[in-house]
S.K.: 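Take a look at the following structure, please.
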Amino acid sequence: MRQSSAFFFILNCCVLITLTDGFSFSNCTIYFPFEYSGHLKVLCNRMGYWKIPSPLPRNIVNLDISYNYIYQIAEGDFNRLSNLIILNISHNRISEIHANALSDLPNLEELNLSHNKIKTVTTKMLDGLASLSQLRLDFNNLEMIENQTFATLSNLRLVNLTNNMLKDISKLHPLLQVPHLENLYLGNNHFRVFNSSDIPSAFVGLKKLDLSVNPLTVFRMMENIFPALEYLDLSTCFQTNTFDWFILDKAFLKTVKILNFSRNHVDEKQLGYIMQSFPSVSWMALDGLQGFKVEMLLQKACFPSLRGLHLEDNQLSLLTDRIFKPCVHLNELHLRNNGVLKMYKSSFKHLVNLTELRIQKNLLTQLNETLQVLPNLRVLDLHLNNIENLACSDFANLTQLRQLYLHRNRIVTIESCVFKDLETLEELIMNSNQILTVTGTFKLGPRNLRYLYLTNNKLSAIQNDTFKALDSLQMLHLSDNQIFIIEPHAFAGLINLAEMYLSSNKITGRTLSNHLVFAGTPNLQKLELSCNYFAYESQQALQSPPFVLLSELRTLQINSQRRGLNYIPSNFLNGLKNLQVFYAGNLNIENLHVDTFIHTPNLTYLDLTANNLANRNALTSRLFGPISGLNKITLGRTHLKSLDFLVDANLSSLTVLRASTNDLQFINKTIIQSLPQLKVLDLQNNSFTCDCSNAWFIDWAVKNNKTQVLYLNKYECRYPLSLSGKSLAAFNTESCNVNYDFICFIYSSSIVILTLLISFVYHFLKWQLVYAYYLFLAFLNDKKRKQTPNLDFQYDAFISYNAQEEPWVLEELVPKLEDQHGLRLCLHHRDFQPGKAIIDNIVDAIYNSRKTICLITHNYLKSVWCSHEIQVASFRLFDEQKDILVLVFLEDIPAHQLSPYYRMRKLVKKRTYLRRPKPGEDTRAFWQKLKMAIETKENMEDRKILSGKDEDDHI
Ligand SMILES: *[C@@H]1O[C@H](CO)[C@@H](O)[C@H](O)[C@H]1NC(C)=O
Ligand SMILES: *[C@@H]1O[C@H](CO)[C@@H](O)[C@H](O)[C@H]1NC(C)=O
Ligand SMILES: *[C@@H]1O[C@H](CO)[C@@H](O)[C@H](O)[C@H]1NC(C)=O
Ligand SMILES: *[C@@H]1O[C@H](CO)[C@@H](O)[C@H](O)[C@H]1NC(C)=O
């Protein structure tokens, strides 16, 4: 009974441990930022999982397990994740989903099962997903959808079945049971025939249908099965122009607004016929229709309702003046990749209402004022052409233009007149040209420009007042140029500028030595200066700190200076009183001056990645004094040896600490406790010592559910060498833990056992106990005696003998030794003090005599008291290492009879002893030897024997 309950208790513990919400122990990461603690996003992708990882935190809302090796989903895999709303299991090997496996997810809205190996959507596999609105099954091996599959999915809006092996439209009838289905993707399957009579009823609410990339030969609609359809994709469907197209009533598809009919093989006549089926289309794609006469095509396609037309990849190299005549109503025209070499002024003259023109990826070298006829243009995309020069008149008249894309051309210079009329222009992209200078370019505008991109050009200098006219500019991109001169007031007038990008230029310390470089940009919030060439020789304060005028700056990036910054001058950040984010990684910095951050009290993010902070004082707690609001700190690859500086740094708001790839060996409790808000800790790739000094950290990392220790299961021990390479998390900390319960248990059971033992001993071994007590007294006595060494003995010898030998003692021994030789003997019947305990008497007698003489007979060996006497004597013998024992054998005792008395046997083996002469033998020698034995002091040989050095103690 008791046993089974103990077993139950142990079992219970195990269950509790596996159910704790410690999430560090799996490979998954919790997506950061997760300020909304209720909306936990967990990423487990590309982690080699073969099954759904567990345990996962209960409150996950968004789980991504894509790119693993999961091959099935079984019932119960998600049983604790009832809060899940988004689940991505794409790119696995799932071929089987058990019935009800997903029924624990009543709140799931988005399920992505794409890129798996599912063949059949079975009836029960999606049961219980009452909230599901998006279902992705694209890129599977679907051949079959069972009846009733979608019967319970009343909220489903989108089903993606792209890229499967579906053949027969009639097999889609289970989808008819979805009452609110709006989007259905069927692209890239094996449908040959689309006939409405194969479908028993209408897709009432369907708005979007994608049938692209199916080998259709028949498209017939005898009933209006898509009464609400707005978007229809039939691209890459009809690969022979002998297909059967029949729509019973032209009104069937009148709701369709957007049609993609690209990359089909149709002749002009057929196209005209098909187009009649879409009387209300306003946006159409006819890309890649090779072999057409464009004029004929547009005559068929540009019917009055059409507003947007895609004509990409059609080889319209020559844009004649009649070509767009049928398309007068167009607002949007896309002509990407048509090999257009030349445009005429008259080409677009009919497109009076055109607002968006995209002619990207063609062969244009100049614009020739062709665009002047398009005064309503708002978006003009000319990127990826060969334009070298822009004339002053090219953009004249484009008074409505908002976006102008000129990137990836061959522009070298731009005169000020080019952009002067673009009063409404907001975004100008000129990346990746060969622009040498922008001096003067923007003198006259565009006045309302917000975003200017000049990345990847050949600029080397920015002169003063270059951008003065651009007072609406918010973003200026100048990265990837050769800029090494920035004159004072270069950015003057940019009063609304919020972001400036100057990375990857040739800016040096000289460039920044004048703080007026940034004059005139009082609202700058983000400044990127990474990958330049400025450096400092010391931490000494600068005469003119560069950023004093940037009081609104929030983010500053100076990382990766090509020659290493080496030192951050103590007042480098002076003036940045609103700075929140500071990137100072990869700068070869060895330490930071304690005043570095006194000017930036609002800093929340500090990145010092890849510096050399090996020195113990590289970072001090005082450094962090002024920035106690710090939220995230990144210290990866900095050769850091300890995090002790954090203990007194008072970083009570820190939520993310990253210090991977360092030389950290120990993380102790005080460090972690000094960071009460810590949510993410990344200590991958450090030199952990796996012993009890890290026990607290290991336990905490595994079990706590407030701080995520990133990739904990990849942390390895470096020390001790015997554990090198072993997993830190697997280190058994139990032996380190003082477990009070266990101690209590041991303590109380010991008491019980002891009580039992004592009663047992008292009952059965009472006398032995009494003897032990006396022996103990003897020991105490001996101690006392040692402190007061007494060299004058009261007796010369104590005679230990059995009562049966008394006659011989009294008649022969006493007269011989006392009377003849004048020795003083101690005899128990004569010299023991009456009233004193016998054992006390024995001890006194032995210690007050120089020698103890044992008269050994068979009876002597058997007698209790005699054996005590010999024990006390040999105790003294061993203790004082003196030869005090004289053995006199009064009878012959063979060696084997001595064996039970091992002490005796040992003595006999090692020492000479006396034998009483047999009757008739000469006794004089015997008495003489005995006298000498009593009188001799210890000798060296005895000492050696008695010190126990060569004893065989194992008898
Ligand atoms: C963690 O990922 C590795 C591969 O990156 C894998 O071998 C290991 O099994 C995973 N650990 C767990 C607990 O799933
Ligand atoms: C599926 O259900 C439909 C009616 O909902 C029925 O006509 C059809 O025979 C069923 N097919 C199978 C294979 O059960
Ligand atoms: C549908 O699946 C295709 C193919 O994987 C994918 O490209 C497309 O983005 C998906 N669309 C939606 C809305 O899920
Ligand atoms: C151009 O747009 C205006 C206003 O939207 C409209 O009144 C006019 O009819 C359009 N012109 C053509 C040719 O479609």
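Fair warning: this is a prediction, and the values are worked out from it, not measured in the lab. Residue numbers count from 1 along this sequence. Just follow the structure's listing: the first ligand is 1, and inside any ligand the first atom is 1.
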S.K.: Does the cation-pi check pass for Arg46 over Tyr67, that is, NZ or CZ under 6.0 Å from the six-membered ring centre and within 45° of its axis?
M.R.: yes
S.K.: Just which atoms of ligand 4 are under 4.0 Å from any heavy atom in His329?
M.R.: 12 (C), 14 (O)
S.K.: Answer yes or no: is there a donor N or O on one side and an acceptor on the other, between the side chain of Asn362 and the main chain of Leu364, under 3.5 Å?
M.R.: no
S.K.: Closest heavy-atom contact between Leu153 and Leu129?
M.R.: CD2-O, 3.4 Å
S.K.: For residues Glu268 and Leu271, determine if any side-chain heavy atom of one lies less than 4.5 Å from a side-chain heavy atom of the other.
M.R.: no
S.K.: Grab the two heavy atoms, one from Ser90 and one from Asn116, that are nearest each other, plus how far apart they are.
M.R.: CA-ND2, 4.0 Å
S.K.: So among Val213, Thr217, Asn264, which one has a side chain to side chain contact (heavy atoms under 4.5 Å, CB included) with Cys237?
M.R.: Asn264
S.K.: Kindly tell me which protein residues have any non-hydrogen atom under 4.0 angstrom away from an atom of ligand 3, grouped by chain and ordered by number?
M.R.: Arg136, Asp138, Phe139, Leu158, Asn160, Thr162, Tyr185
